[in-house]
Amino acid sequence: MHRRLALASAAALCGTLALTACGSSGTDSDAAKPAAGPVKLTFWSWTPNMDKVAALWNASHPDIQVSVQKQASGDDLVTKTITAAKAGNAPDLVQAEFQALPTLVSNDVLADISKQAGDAKGKFAEGVWQQVTLGSDAVYAIPEDTAPLAFYYRQDLFQQYGLKVPTTWAEFADAARQLKQKDASKALTTFSANDSGLFAGLAQQAGAKWWTTSGETWKVAVDDAATKKVADFWGGLVKEGAIDNQPMYTPAWSKALNDGTQIAWVSAVWAPGVFTSSAPDTKGKWAIAPLPQWNAGESVTGSWGGSTTGVTTGAAKAGHTDAAAQFATWLNTDPAAVAALVKEAGIYPAATAAQTGGALATAPDFFSNQADFYTTAAEIAKNTAPAAWGPNVNVAYSTFKDAFGKAAQDKSDFSAALTAMQQATVADLKKNGFKTEG
């Protein structure tokens, strides 16, 4: 999305986008000359112990001092940042999830730091970097952490039931059916609609591009062929009873993981933390494997989460673009900084060089049985497919939870739920003054 589209869209992005304030906070051309003396920057972030990481920077950069202010994550931070930008008191740096970038750019909150990013592009997987450019020549943030999808399975139970670790989705479906035939009380996994990010990542792996722009027109393709394939696949398994249809993160779901009723889970690299709290009795019994593929021999994955560090237009107006971009780049590419992020915050770094060795040389404690956990994760992450986000991700996600949640519980056709998601997303863009196609 080009800057001219961002500015043209700014006044329209209110209403059902759940943003409390809109409007332009200025452009890079408004930048003032840097003030004399040390530059003092504020950084809004939800990452635990980010202040400890920033302290490393502050100790070696007396001329640029960064103060971290802990914030809530998700839509709350997006809304708060846009409101602050309109009032002229936005932070200089802000942590933003990948899917939030179009909304922040549309509201002229994030500065284009393509001139300051230097060789940062080469330090990230291509699909990850594309998400911070929004398909343009601009760079609106530096990737911070990522969450490639993988397949997690109970090694002992796969062996007990004679199941093959699936390398394709066809093999995944076969494994689900075989397990049900051998023990009807078990389920390979569940389809859950209470976290939209997993479905988005699976669609991403299949090649979906839900939002794209041409000039000032948005094209919404939530119901494209790739996503339909994913929806039909999972809907078919739910309808025939080959997998469960219960939501994740409930006490019942945790019990199923812990007692072996559910023996596999498609999740992201952060899954060890969930297993530790939800299935403590199964420590040392799970393994990570690449995500099953649509075509044998491929090695593509999607993402379920991840965030970036962006420089605001407020920093640009204050003449602090260079200083803020320097910190953002250091935070996410410098070996010492990234190692500190891994140690202090427990993130999985977006920088490819940091995904093995160093702080990630040892497998998570829960996966002490798999010494090559992070080596496997790094190989998986190399082929992360690019995602295409738009300015009303929250509307698409909310509709997914409602429509797919009902379809999963009713074991009805998922195609109708996908159509509802497409229609709601397009209608919301039109309602808020965007030119749309699709």
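Residue numbers run from 1 in the order of the sequence given.
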Would you check if the side chain of [X] reaches a backbone N or O of [Y] as a donor-acceptor pair within less than 3.5 Å?
X      : Y      : value
Gln204 : Ala385 : yes
Thr133 : Gln130 : yes
Gln116 : Asp322 : no
Asn107 : Val109 : no
Asp92  : Phe43  : no
Ser254 : Pro251 : no
Thr189 : Ala264 : yes
Tyr397 : Asp195 : no
Thr168 : Asn295 : no
Thr81  : Leu77  : yes

With heavy-atom distances below 4.5 Å as the criterion, would you say the side chains of [X] and [Y] are in contact?
X      : Y      : result
Trp46  : Glu97  : yes
Pro280 : Asn258 : yes
Val393 : Thr103 : no
Leu198 : Leu149 : yes
Phe233 : Phe414 : no
Trp294 : Gln205 : yes
Thr190 : Gln262 : yes
Trp211 : Pro391 : yes

Are [X] and [Y] linked by a side-chain donor-acceptor pair shorter than 3.5 Å?
X      : Y      : result
Trp389 : Gln131 : yes
Thr227 : Trp210 : yes
Gln69  : Trp44  : yes

How long is the span from the [atom1] atom in [X] to the [atom2] atom in [Y], to the nearest 0.5 Å?
X      : Y      : atom1 : atom2 : answer
Leu202 : Ser303 : CG    : OG    : 11.0 Å
Lys80  : Ile82  : NZ    : CD1   : 13.5 Å
Phe434 : Thr213 : CZ    : OG1   : 11.5 Å
Leu41  : Ile64  : CG    : CD1   : 7.0 Å
Trp286 : Ser267 : CH2   : OG    : 10.0 Å
Ser196 : Asp402 : OG    : CG    : 9.0 Å

Please report, to 0.1 Å, the donor-acceptor pairs under 3.5 Å made by any side chain of residues 354-367, with sequence neighbours excluded.
{"residue": "Gln355", "atom": "NE2", "partner": "Pro349", "partner atom": "O", "Å": "3.0"}
{"residue": "Gln355", "atom": "NE2", "partner": "Ala350", "partner atom": "O", "Å": "3.4"}
{"residue": "Asp365", "atom": "OD2", "partner": "Lys283", "partner atom": "NZ", "Å": "2.7"}

Which class fits the ring pair [X] and [Y]: parallel under 30°, tilted 30 to 60°, perpendicular over 60°?
X      : Y      : answer
Phe275 : Tyr152 : perpendicular
Tyr249 : Trp253 : perpendicular
Phe172 : Trp169 : perpendicular

Residues two or more places apart in sequence or in another chain: which of them pass salt bridge (Lys or Arg N to Asp or Glu O under 4.0 Å) with [X]?
X      : result
Lys70  : none
Glu379 : Lys382
Lys40  : none

Indicate the atoms forming the closest heavy-atom contact of [X] with [Y], along with that distance.
X      : Y      : answer
Leu101 : Ala141 : CD2-CB, 4.2 Å
Ala231 : Leu418 : CB-CD2, 4.4 Å
Thr384 : Pro148 : OG1-CB, 4.3 Å
Leu93  : Thr309 : CD2-CG2, 4.0 Å
Ala420 : Ala403 : CB-CB, 4.3 Å
Ala377 : Val269 : CB-CG2, 3.9 Å

According to the ring pair (Phe, Tyr, Trp, His ring centres under 6.0 Å) rule, which pairs have a member within residues 83-126, sequence neighbours left out?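 Residue pairs with at least one partner in residues 83-126: Phe124-Trp129.
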
With [X] via side chain to side chain contact (heavy atoms under 4.5 Å, CB included) - residues at least two apart:
X      : value
Ala339 : none
Ser299 : Asn383
Pro290 : Ile380

Name all residues meeting the side-chain hydrogen bond (donor to acceptor under 3.5 Å, both in side chains) criterion together with Ser192; count only those two or more places apart in sequence or in a different chain, and write none if there are none.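 Partners of Ser192 under the side-chain hydrogen bond (donor to acceptor under 3.5 Å, both in side chains) test: Asn194.
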
For Trp270, check side-chain hydrogen bond (donor to acceptor under 3.5 Å, both in side chains) against everything at least two apart and list the hits.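 For Trp270 there are no side-chain hydrogen bond (donor to acceptor under 3.5 Å, both in side chains) partners, ignoring immediate neighbours.
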
For Trp234 and Phe404, I'd like to know if the aromatic rings sit close, meaning centre-to-centre distance below 6.0 Å.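 They do not qualify: ring centres at least 6.0 Å apart.
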
From the options Val53, Ile142, Thr47, select the one residue that forms a side chain to side chain contact (heavy atoms under 4.5 Å, CB included) with Leu331.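 Per the side chain to side chain contact (heavy atoms under 4.5 Å, CB included) rule, the option paired with Leu331 is Val53, out of Val53, Ile142, Thr47.
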
One pair to check against side-chain contact (heavy atoms from CB on, under 4.5 Å): Val39 and Asp63. What are the steps and the verdict? CA-CA 6 Å; Val39 174; Asp63 293 336; over 6 Å; no

Salt bridge (charged side-chain N to carboxylate O under 4.0 Å, His left out): pairs with one or both residues in residues 330-357, sequence neighbours excluded: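 For residues 330-357: Lys52-Glu344.
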
I need the full list of salt bridge (charged side-chain N to carboxylate O under 4.0 Å, His left out) pairs touching residues 114-135, with sequence neighbours left out, sorted by first then second residue.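 Listed by first then second residue: nothing to list.
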
For side-chain contact (heavy atoms from CB on, under 4.5 Å), just list the numbers for Leu429 and Asn392, CA-CA rounded to whole Å, side-chain angles, deciding distance to a tenth of an Å, and then say yes or no. CA-CA 7 Å; Leu429 285 178; Asn392 61 342; 3.6 Å; yes

